[in-house]
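For clarity, every value in this text was computed on a predicted model and none was experimentally measured.
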Amino acid sequence: MRPFFPAQPARILDVGAGSGRDAAWFFRLGYAVTCVEPDRRLWPISADWEADGLPALSGLSGRFDLITISAVWHLLPDHDWSAAFERLADLAKPGARLILSLRLPPMTGADDVAALAQGAGWQLHDVCRRASLQAGNRTAGVMWDWCVFARVAPA
């Protein structure tokens with residue numbers, strides 16, 4: 001996914017940041033990172049943290065160059081997807097990227113979300129399917145679609 005990262009300086013939003021592993025990596029690369037994670041016990045790194053979640057993300061303001069959502073989307077009820085994509089579009093600069101991982105199963109792949117994303121101003125740019133890194137998940141046939149969306153300017 002690194003070819004889709006913005007040039008620096010840039011702002012990155014990590015939604016569902018968990019322990020902050022990905023955010024810490026972006027931070028070490030020199031990006032300004034804002035993390036969203038509802039569980040405050042998982043906030044170990046030096047970044048801006050918000051105790052919030054999808055679809056509202058009500059504590060956030062400003063615009064971001066890259067938004068990442070890793071291993072979270074499948075936990076969001078599908079009736080919240082449209083609202084989540086719209087809110088993410090509000091937080092994205094025109095031309096920003098959204099990197100979203102989809103767990104397969106329970107999802108069936110990028111087609112499940114691409115139409116809803118497009119309705120909110122996101123265009124599917126690339127999909128990369130990978131086996132899970134966890135041995136138990138690989139044995140169970142768990143795959144991940146890594147989707148890259150680009151924010152198109154509103155009409």
Side-chain angles (χ1 to χ4, degrees), residues 1-104 106-107 109-130 144-155:
M1 296 294 125
R2 199 164 188 168
F4 300 107
F5 294 177
Q8 293 176 350
R11 294 183 69 207
I12 295 178
L13 174 62
D14 186 7
V15 178
S19 67
R21 180 197 65 206
D22 295 348
W25 185 74
F26 283 123
F27 189 77
R28 285 191 301 273
L29 292 175
Y31 290 104
V33 182
T34 298
C35 302
V36 174
E37 173 56 52
D39 187 348
R40 292 176 187 249
R41 296 171 296 173
L42 300 175
W43 295 11
I45 69 163
S46 299
D48 294 329
W49 286 88
E50 291 290 332
D52 206 341
L54 290 167
L57 301 174
S58 56
L60 296 174
S61 62
R63 300 278 183 129
F64 295 88
D65 301 285
L66 175 65
I67 300 172
T68 62
I69 305 175
S70 177
V72 172
W73 196 263
H74 65 281
L75 302 173
L76 184 67
D78 58 0
H79 64 267
D80 286 338
W81 293 356
S82 290
F85 275 124
E86 289 171 12
R87 180 62 178 132
L88 293 166
D90 290 342
L91 293 167
K93 293 179 181 177
R97 302 278 191 217
L98 167 63
I99 299 177
L100 172 66
S101 69
L102 306 175
R103 187 182 194 275
L104 320 174
M107 303 185 75
D111 293 340
D112 288 350
V113 297
L116 291 173
Q118 186 173 5
W122 293 99
Q123 180 178 16
L124 184 61
H125 186 275
D126 196 16
V127 178
C128 178
R129 184 163 288 178
R130 295 282 189 247
W144 292 90
D145 272 2
W146 288 90
C147 305
V148 179
F149 295 91
R151 175 72 173 111
V152 294

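In this structure, R11 is positioned above the aromatic face of F64, its NZ or CZ under 6.0 Å from the six-membered ring centre and within 45° of the axis.
Inter-residue side-chain proximity for V148 and L98 is flagged as unmet; no heavy-atom pair is nearer than 4.5 Å. No side-chain heavy atom of L54 sits under 4.5 Å from any side-chain heavy atom of D80. In this structure, W122 and L88 have side chains that are in contact, with non-hydrogen atoms separated by less than 4.5 Å. With a 4.5 Å cut-off on side-chain heavy atoms, F149 and R97 do not count as touching. Taking the side chain as every heavy atom from C-beta outward, L76 and W73 approach each other to under 4.5 Å. When side chains are defined from C-beta on, L13 counts as touching V36, because their heavy atoms get closer than 4.5 Å. With a 4.5 Å cut-off on side-chain heavy atoms, L102 and C147 count as touching. Inter-residue side-chain proximity for D22 and S70 is flagged as met; some heavy-atom pair is nearer than 4.5 Å.
Rounding to the nearest 0.5 Å gives a distance of 4.0 Å between CZ of F26 and CZ of F5. Note: I67 CD1 to R87 CZ = 9.5 Å, rounded to the nearest 0.5 Å. Rounding to the nearest 0.5 angstrom, the gap separating the CG atom in D126 from the CD1 atom in I99 is 10.0 Å. Note that the CG atom of L100 and the NE2 atom of H74 stand 11.0 Å from one another [nearest 0.5 Å]. To the nearest 0.5 angstrom, L104 atom CG is 13.0 Å from R130 atom CZ.
Salt bridge present: K93 and D65 bring a charged side-chain N and a carboxylate O closer than 4.0 Å.
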Check the pair V113 / L124 against side chain to side chain contact (heavy atoms under 4.5 Å, CB included), numbers first and verdict last. CA-CA 9 Å; V113 297; L124 184 61; over 6 Å; no
Under the side chain to side chain contact (heavy atoms under 4.5 Å, CB included) rule, what do R103 and S101 come out as? Steps first, then yes or no, please. CA-CA 7 Å; R103 187 182 194 275; S101 69; over 6 Å; no
Using side chain to side chain contact (heavy atoms under 4.5 Å, CB included), reason through M107 and D145 one step at a time and then give a plain yes or no. CA-CA 10 Å; M107 303 185 75; D145 272 2; over 6 Å; no
List the steps and the verdict of side chain to side chain contact (heavy atoms under 4.5 Å, CB included) for L57 and L91. CA-CA 9 Å; L57 301 174; L91 293 167; 3.9 Å; yes
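For the ring-ring contact (aromatic ring centres under 6.0 Å, His included) test, no residue two or more places apart in sequence or in another chain qualifies with W146.
Nearest heavy-atom pair across A23 and D14 is N-OD2, 3.5 Å.
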